[in-house]
Amino acid sequence: MAPKLSDSVEELRAAGNQSFRNGQYADASALYERALRLLQARGSADPEEESVLYSNRAACYLKDGNCTDCIKDCTSALTLVPFSIKPLLRRASAYEALEKYTLAYVDYKTVLQIDNSVASALEGINRITRALMDSLGPEWRLKLPPIPVVPVSAQKRWNSLPSENHKETAKNKSKETTKSRVPSAGDMERAKVLKEEGNELVKKGNHKKAIEKYSESLLFSSLESATYSNRALCHLVLKQYKEAVKDCTEALKLDGKNVKAFYRRAQAYKALKDYKSSLADISSLLQIEPRNGPAQKLRQEVNQNMN
């Protein structure tokens with residue numbers, strides 16, 4: 001016999017979470033419904049909690065194939081707390097299942113403005129881009145609805161949350177670089193186009209958008225060393241030094257003589273105060289190009305910092 005639940009939003013939500021984990025989506029949905037009614041009956045505003053409950057119920061609907069109600073609940077969740085990642089991802093999945101690809105694209109792109117390393121959003125953009133290219137042709141971008149600009153406050157809020165999403169992101173982030181699928185000629189061409197779009201954005205100083213383009217390019221083909229080293233440059237400009245190190249390392253796996261990757265990783269290591277690693281990269285670079293002026297100057301700066 002199941003234990004009797006008290007009139008507690010927290011207990012109802014926890015019980016709903018347990019039912020969801022057990023694959024009992026209808027039961028979970030009913031528990032979230034009870035929690036929502038109780039919360040709303042209190043009359044005291046708690047938008048965060050209410051948003052989470054709508055988002056959780058949306059996840060149940062999505063699992064049961066009820067995409068229409070999933071979209072409604074995600075929209076309610078986002079009205080309460082705009083730019084929340086989970087309801088955006090769930091609504092994007094529901095739109096995708098209903099073949100509403102332009103709307104799914106907007107939600108996935110919105111997620112990537114908040115955190116450009118969310119694997120499910122990157123993979124979603126890959127799928128949706130292919131579908132839109134096939135259905136709408138080369139001018140597909142012109143037929144998209146407006147993509148909302150995510151305010152910095154929403155990005156900071158996400159970055160400050162020690163949520164399960166971050167654990168998922170860390171666990172899944174390597175998917176992008178560990179895929180062993182050999183890209184087709186079409187994939188290679190799309191990767192090249194997206195990389196060039198990223199290069200143009202760099203020239204305009206829009207490094208955040210450029211990261212998105214390079215990330216999309218790598219989903220089509222992860223065999224281009226320069227795409228990684230170009231994205232590393234953007235991470236450097238945005239002071240995302242650990243990400244820059246990772247991208248340079250991937251670039252060097254593909255091309256052990258990528259001078260830019262050595263130089264940018266050395267810059268990132270310097271910013272992280274890992275001077276020994278920085279000098280090692282500079283040394284490797286100078287073995288390839290002994291007269292590289294910027295590398296020689298960087299070596300002097302690192303040596304000064306060590307003294």
Side-chain angles (χ1 to χ4, degrees), residues 112 115-119 122 152 155-156 158-163 165-180 191 195 198-199 201-203 205-215 217-219 221-307:
L112 291 173
D115 184 341
N116 59 33
S117 67
V118 176
L122 288 165
V152 175
Q155 297 172 40
K156 288 181 177 177
W158 163 249
N159 289 331
S160 68
L161 288 176
S163 68
N165 279 340
H166 286 303
K167 294 175 185 176
E168 273 185 51
T169 296
K171 183 174 67 176
N172 294 328
K173 193 173 180 181
S174 63
K175 284 183 180 180
E176 180 185 324
T177 57
T178 56
K179 290 181 180 178
S180 58
K195 176 191 165 190
N199 293 346
L201 286 165
V202 169
K203 291 175 185 176
N206 195 339
H207 295 91
K208 188 172 181 183
K209 285 285 184 185
I211 286 175
E212 292 180 18
K213 292 294 181 185
Y214 292 136
S215 298
S217 174
L218 288 165
L219 283 168
S221 172
S222 58
L223 303 178
E224 181 67 45
S225 176
T227 309
Y228 283 109
S229 56
N230 288 2
R231 191 171 67 174
L233 171 64
C234 299
H235 285 309
L236 276 173
V237 173
L238 297 172
K239 298 183 179 180
Q240 298 167 344
Y241 302 119
K242 290 181 180 178
E243 288 83 355
V245 168
K246 289 177 183 176
D247 271 355
C248 290
T249 301
E250 292 298 328
L252 289 164
K253 285 179 184 176
L254 293 165
D255 178 5
K257 294 186 177 180
N258 186 328
V259 169
K260 289 181 180 179
F262 275 124
Y263 182 71
R264 288 165 187 167
R265 192 168 68 175
Q267 288 179 300
Y269 278 137
K270 176 176 176 273
L272 293 168
K273 299 189 186 326
D274 185 351
Y275 301 127
K276 185 176 179 181
S277 295
S278 182
L279 284 175
D281 276 347
I282 296 168
S283 176
S284 296
L285 188 164
L286 290 173
Q287 287 179 17
I288 302 167
E289 290 187 5
R291 296 184 181 180
N292 188 301
Q296 292 172 346
K297 182 180 178 183
L298 183 60
R299 181 171 59 182
Q300 290 176 351
E301 293 171 359
V302 173
N303 282 324
Q304 287 172 359
N305 288 330
M306 292 179 71
N307 294 333

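Reckoned from all heavy atoms, side chains included, excluding hydrogens, waters and symmetry mates. Numbers here are sequence positions counted from 1.
Between atom CD of residue Gln287 and atom NZ of residue Lys257 there is a gap of 10.5 Å, rounded to the nearest 0.5 Å. To the nearest 0.5 Å, atoms OH (Tyr228) and CG (Asp255) are separated by 13.5 Å. Once rounded to the nearest 0.5 Å, the distance linking OH of Tyr241 with NZ of Lys270 reads 9.0 Å. Remark: Leu285 CG to Ile282 CD1 distance equals 8.0 Å, nearest 0.5 Å. Separation of atoms OG (Ser278) and CD (Glu301) is listed at 9.5 Å; rounding is to 0.5 Å. Rounding to the nearest 0.5 Å gives a distance of 7.5 Å between CG of Asn305 and NZ of Lys273.
Using modelled atom types, one side-chain atom of Ser225 and one backbone atom of Ala251 make a donor-acceptor pair closer than 3.5 Å. With hydrogens and angles ignored, the 3.5 Å screen pairs a side-chain donor or acceptor of Gln296 with a backbone N or O of Pro290. A donor-acceptor pair under 3.5 Å links the side-chain atoms of Ser284 to the main chain of Ala280, judged by distance alone. Remark: side-chain polar atoms of Arg264 are paired, donor with acceptor, to backbone N or O of Ser229 under 3.5 angstrom. Without hydrogens or angle criteria, Ser215 side chain to Ile211 main chain gives a donor-acceptor distance under 3.5 Å. Under the 3.5 Å distance criterion, the side-chain polar atoms of Ser222 are left unmatched by any main-chain donor or acceptor of Leu218.
Looking at Lys253 and Glu250, a side-chain N of the basic residue comes within less than 4.0 Å of a carboxylate O on the acidic one, giving a salt bridge.
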Evaluate Leu286 against Arg299 for side chain to side chain contact (heavy atoms under 4.5 Å, CB included), listing each step before the verdict.
CA-CA 10 Å; Leu286 290 173; Arg299 181 171 59 182; 3.4 Å; yes
Report the C-alpha separation of Leu272 and Lys242 in whole Å, then their side-chain angles, then the decisive distance to 0.1 Å, and conclude whether the side chain to side chain contact (heavy atoms under 4.5 Å, CB included) test is met.
CA-CA 8 Å; Leu272 293 168; Lys242 290 181 180 178; 4.3 Å; yes
Between Gln240 and His235, is the side chain to side chain donor-acceptor pair (under 3.5 Å) condition met? List the steps.
CA-CA 5 Å; Gln240 298 167 344; His235 285 309; 2.6 Å; yes
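A 4.5 Å side-chain heavy-atom check between Leu201 and Glu212 finds every atom pair outside the cut-off. Tyr263 is listed as a side-chain neighbour of Pro294, based on a closest heavy-atom distance under 4.5 Å.
For the side-chain contact (heavy atoms from CB on, under 4.5 Å) criterion with Tyr214, the lone passing option out of Leu219, Asp247, Asn230, Leu233 is Asn230.
Shortest non-hydrogen contact noted between Leu252 and Asn258 is CD2-O, 3.7 Å.
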